[in-house]
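Here the structure is a predicted model, which means the values were calculated and not measured. Naming: A, B, ... by sequence-line order, numbering from 1 per chain.
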There are 2 protein chains.
Amino acid sequence: MSDDRRTPTIHDVARAAGVSIGTVSKALNGTGSLSQATRDRVMTTIRALNFRPNLLAKSLHTGLSGSVGLISNDSFGRFTMPIMEGLERVLSEDGIGVFMANATDDPDRERAHLDQLLAKQIDGLVVTSRRADRRPSIEIQGLPIPVIYVFSQGGEDALTFLPDDEGGARLATEHLIAQGRRRIAHITGPDNFEAVRLREIGWRAALSAAGLQPQALLHGPWSEAWGREAMARLLQDPPDAIFCGNDQIARGVADTLREAGLRCPEDVALVGFDNWDVMVSACRPALTSVDMNLTALGAEAGRQLSAMIKGARITGTHRLPCTLIHREST
Amino acid sequence: MSDDRRTPTIHDVARAAGVSIGTVSKALNGTGSLSQATRDRVMTTIRALNFRPNLLAKSLHTGLSGSVGLISNDSFGRFTMPIMEGLERVLSEDGIGVFMANATDDPDRERAHLDQLLAKQIDGLVVTSRRADRRPSIEIQGLPIPVIYVFSQGGEDALTFLPDDEGGARLATEHLIAQGRRRIAHITGPDNFEAVRLREIGWRAALSAAGLQPQALLHGPWSEAWGREAMARLLQDPPDAIFCGNDQIARGVADTLREAGLRCPEDVALVGFDNWDVMVSACRPALTSVDMNLTALGAEAGRQLSAMIKGARITGTHRLPCTLIHREST
DNA sequence: GAGCGCTAGGAAAACGTTTTCCCAAGCCAA
DNA sequence: TTGGCTTGGGAAAACGTTTTCCTAGCGCTC
């Protein structure tokens, strides 16, 4: 009769424990005034029936669903993953679930996803994107829920979390200077990336703080092939150190160095950016690189989103520090 | 009065349109019997108020939440991403949201996640894991909802989707044979991976079907360093082709070949596994590789899960075909 | 002109919770 | 003994939908 295949509801518990559903609810949430005996009896029954309260019903009148959406424009790419990981870890501690949605820069898909998420009554939204450039951020304005931009540019009065590209570049360059290098080149990605421009600024800042002149600056695609080609161009008058815009470029540089008979780090020291495990460890020699701490970035975004859901009002663009990971290439 | 900041409910629409909430519901869902005039009037009001029905309330008595969970043990690693992408694309077409949960092989975290997901009334569950070996699959047995294992081993009467590792290996080996190669070695990963064992079987099967003897078989870690080392061991009597257990190993092999003065593909042809873009394109020469079609795998899992939610009962282990991507290394 | 069958749309129950309000019983003091 | 206060717990409304059932009115047919 009561042990059929239906998952038990609060009514089943109430009947089995001989109390009203209100009493079960109070026992469950530790609210109201109940005698310890009643509380215990109800809790025992709850465990016996393996009762699990239906969160949807609860949401219905708390107005909070306990879930948020994550819209990625990156097809869950390499950068989105660690962010997701940090975000999910933090939010799950607060019992908040994360819906993932992949929009891939298609406004229609984005709109459809947003509709579905809002219908599901998400309490907040996280927007991530590839880093190319400024994001138009369609109709995410004026949403009735808090929105956080991570690894992507939000609007003015939005809350945005980004890695401190400039600081990371400064870190890398200062490290090279501290190792006695004086002629430091920068081989990097396409300059329509804001990150590329910021890293260049950081490189220049560290150099000029040390009274050094910038050596070569080369822009190209984000690939190993470009790293190889760029280094080849520098071979006639090689610098004594190179700071690269990402790890793939750095690895290409390392390959050309080795094949040209130059030793790394003895002749030319090398620093990458991203600290992408598979690149830095396969590189010969193992690559010193700047870590953007994306997992921490995601975690911080999760904390702030959680706070905003609880009522906090936070805005502004926050840049979180990068870390230099020292390996054999310097 | 009615235009305050509260998001509009079906009651607001009913009042504005001068009908009852039941009528609004019928207009919204195209059910019941209503005159076209009433239907139109209600729909107009709905758009005017920008009303969006609360799916939670709906779920409450359809018993379906329109969301599923994805438990990954891979920290959203390289293999999980394309699966997620395919899964999410298919399910979102059915209006089903995907909660992501990262368990990282920690049973406590897995249990906590499962509790939260069940409390949120998910309609189904997808379990993904790193491919190491057989998954104990804690207490996912006997859940009241359909469960699908993707890229991980489910139990007997579960539904499991895996790539056809053996077929992929056969594809690669047959390709090498078709190019006239006769002495085909296999350098691969640790043999406690089921995938490693299956790929070896496929390699042997293709060889023996062509009347060829297996050349060297070497097991090691999944790294470029291992690829370099393994190839070095083969240098005294090099094979004329090598099928590698993944792209990283293949890339290491390619590096050693080049540095030893052997030409690829002229002297030694090379095939990888995974078709990982960043590896196959950075490899010199660009690497022929076996693609596991993980996005398609995820999509198929999504379709089947959707069907199971609608009542279908499907079990068994399904292996989806791999594809060979031909590039310069063969 | 009376009865019948349709049709359009309303009323209300149901889904599973939380929470507010209220009442009964018990206790103590006067 | 009576009155008041406290305490434990129940009843019911509320959250926003869907769906079942019912009724009022209309147009037919005989």
Side-chain angles (χ1 to χ4, degrees), chain A residues 2 4 6-43 45-46 49-67 95 116 118-123 144, chain B residues 2 4 6-43 45-46 49-67 95 116 118-123 144:
Chain A
S2 120
D4 52 355
R6 219 170 29 78
T7 68
T9 75
I10 201 173
H11 287 95
D12 300 318
V13 176
R15 203 172 318 118
V19 296
S20 75
I21 61 166
T23 303
V24 176
S25 174
K26 287 165 193 161
L28 200 53
N29 301 300
T31 58
S33 87
L34 299 181
S35 72
Q36 193 57 42
T38 308
R39 237 176 250 286
D40 292 345
R41 182 158 42 96
V42 172
M43 292 311 280
T45 313
I46 284 175
L49 295 187
N50 196 20
F51 165 71
R52 198 192 316 270
N54 181 335
L55 228 51
L56 298 183
K58 175 172 185 171
S59 301
L60 198 51
H61 84 356
T62 60
L64 287 178
S65 65
S67 58
Q116 283 190 14
L118 290 175
K120 294 210 167 79
Q121 309 295 113
I122 53 167
D123 302 330
Chain B
S2 120
D4 52 355
R6 217 169 31 78
T7 67
T9 75
I10 200 172
H11 288 95
D12 300 318
V13 176
R15 201 172 318 119
V19 295
S20 74
I21 61 165
T23 302
V24 176
S25 175
K26 288 165 193 161
L28 201 52
N29 301 298
T31 59
S33 87
L34 299 180
S35 73
Q36 193 55 44
T38 307
R39 236 176 251 286
D40 291 347
R41 181 158 42 95
V42 171
M43 292 311 281
T45 313
I46 283 175
L49 295 188
N50 197 20
F51 165 71
R52 197 191 318 268
N54 181 335
L55 229 51
L56 264 44
K58 176 171 184 173
S59 301
L60 198 51
H61 83 354
T62 61
L64 287 179
S65 65
S67 57
Q116 283 191 14
L118 290 175
K120 294 210 168 79
Q121 309 295 111
I122 52 167
D123 302 330

(message) Base, sugar-phosphate or nothing for B:T9? Non-hydrogen atoms, less than 4.0 Å.
(response) sugar-phosphate
Give each protein N/O atom lying under 3.5 Å from an N/O atom of nucleotides 6-10 of chain C, with the pair distance.
| unit_1 | atom_1 | unit_2 | atom_2 | d |
| --- | --- | --- | --- | --- |
| C:dA8 | N7 | B:S33 | OG | 3.3 |
| C:dG9 | OP1 | B:T38 | OG1 | 2.4 |
| C:dG9 | OP2 | B:S35 | N | 2.8 |
| C:dG9 | OP2 | B:S35 | OG | 3.4 |
| C:dG9 | OP2 | B:T38 | OG1 | 2.9 |
| C:dG10 | OP2 | B:S20 | N | 3.0 |
| C:dG10 | OP2 | B:S20 | OG | 3.1 |
| C:dG10 | OP2 | B:T23 | OG1 | 2.4 |
| C:dG10 | O6 | B:K26 | NZ | 2.7 |

(request) Calculate the interatomic distance between B:L60 atom CG and D:dC15 atom P; express it in whole Å. (result) 14 Å
(request) Calculate the interatomic distance between A:I10 atom CD1 and C:dC15 atom P; express it in whole Å. (result) 14 Å
(request) Look at the side-chain N and O atoms of B:N54 and state whether any lies under 4.0 Å from the OP1 or OP2 oxygen of D:dC15. (result) no
(message) Under 3.5 Å, is there a donor on one side chain and an acceptor on the other for B:T62 and B:S59?
(response) no
(request) Would you mind telling me which residue lines up with the more 5' stretch of DNA chain D, A:A57 or B:V24, judged by nearest nucleotide? (result) A:A57
(message) Between B:D123 (side chain only) and B:L64 (backbone N and O only), is there a donor and an acceptor less than 3.5 Å apart?
(response) no
(message) Could you tell me how far apart B:H11 (NE2) and D:dA14 (C1') are, to the nearest whole angstrom?
(response) 10 Å
(message) Within this structure, what is the CG-CG distance for the pair B:N54 and A:L60, rounded to the nearest 0.5 Å?
(response) 6.0 Å
(message) Going by the rule salt bridge (charged side-chain N to carboxylate O under 4.0 Å, His left out), which residues pair with B:R52 if we only count those two or more places apart in sequence or in a different chain?
(response) A:D115
(message) In whole Å, I'd like the distance from the CG atom of A:L56 to the P atom of C:dC15.
(response) 15 Å
(request) Please report, rounded to the nearest Å, how far the C1' atom of C:dT17 is from the CG atom of A:D12. (result) 13 Å
(request) Rounded to the nearest angstrom, tell me the gap between atom CZ in A:R15 and atom C1' in C:dG16. (result) 13 Å
(request) Please state how far atom CG in A:D40 lies from atom C1' in D:dG9, giving the value in whole angstrom units. (result) 16 Å
(message) Could you tell me how far apart A:H61 (NE2) and C:dC15 (C1') are, to the nearest whole angstrom?
(response) 13 Å
(message) Can you tell me which nucleotide in D:dG16, C:dT17, D:dT18 comes closest to the side chain of B:L28?
(response) D:dT18
(request) For the pair A:D12 (side chain) and A:T9 (backbone), establish whether a donor and an acceptor sit closer than 3.5 Å, ignoring hydrogens and angles. (result) yes
(request) Would you name the heavy atoms of B:T31 and B:R39 that are closest together and state the gap between them? (result) O-NH2, 3.5 Å
(message) With rounding to the nearest 0.5 angstrom, report the NZ to OG distance, B:K120 to A:S65.
(response) 7.5 Å
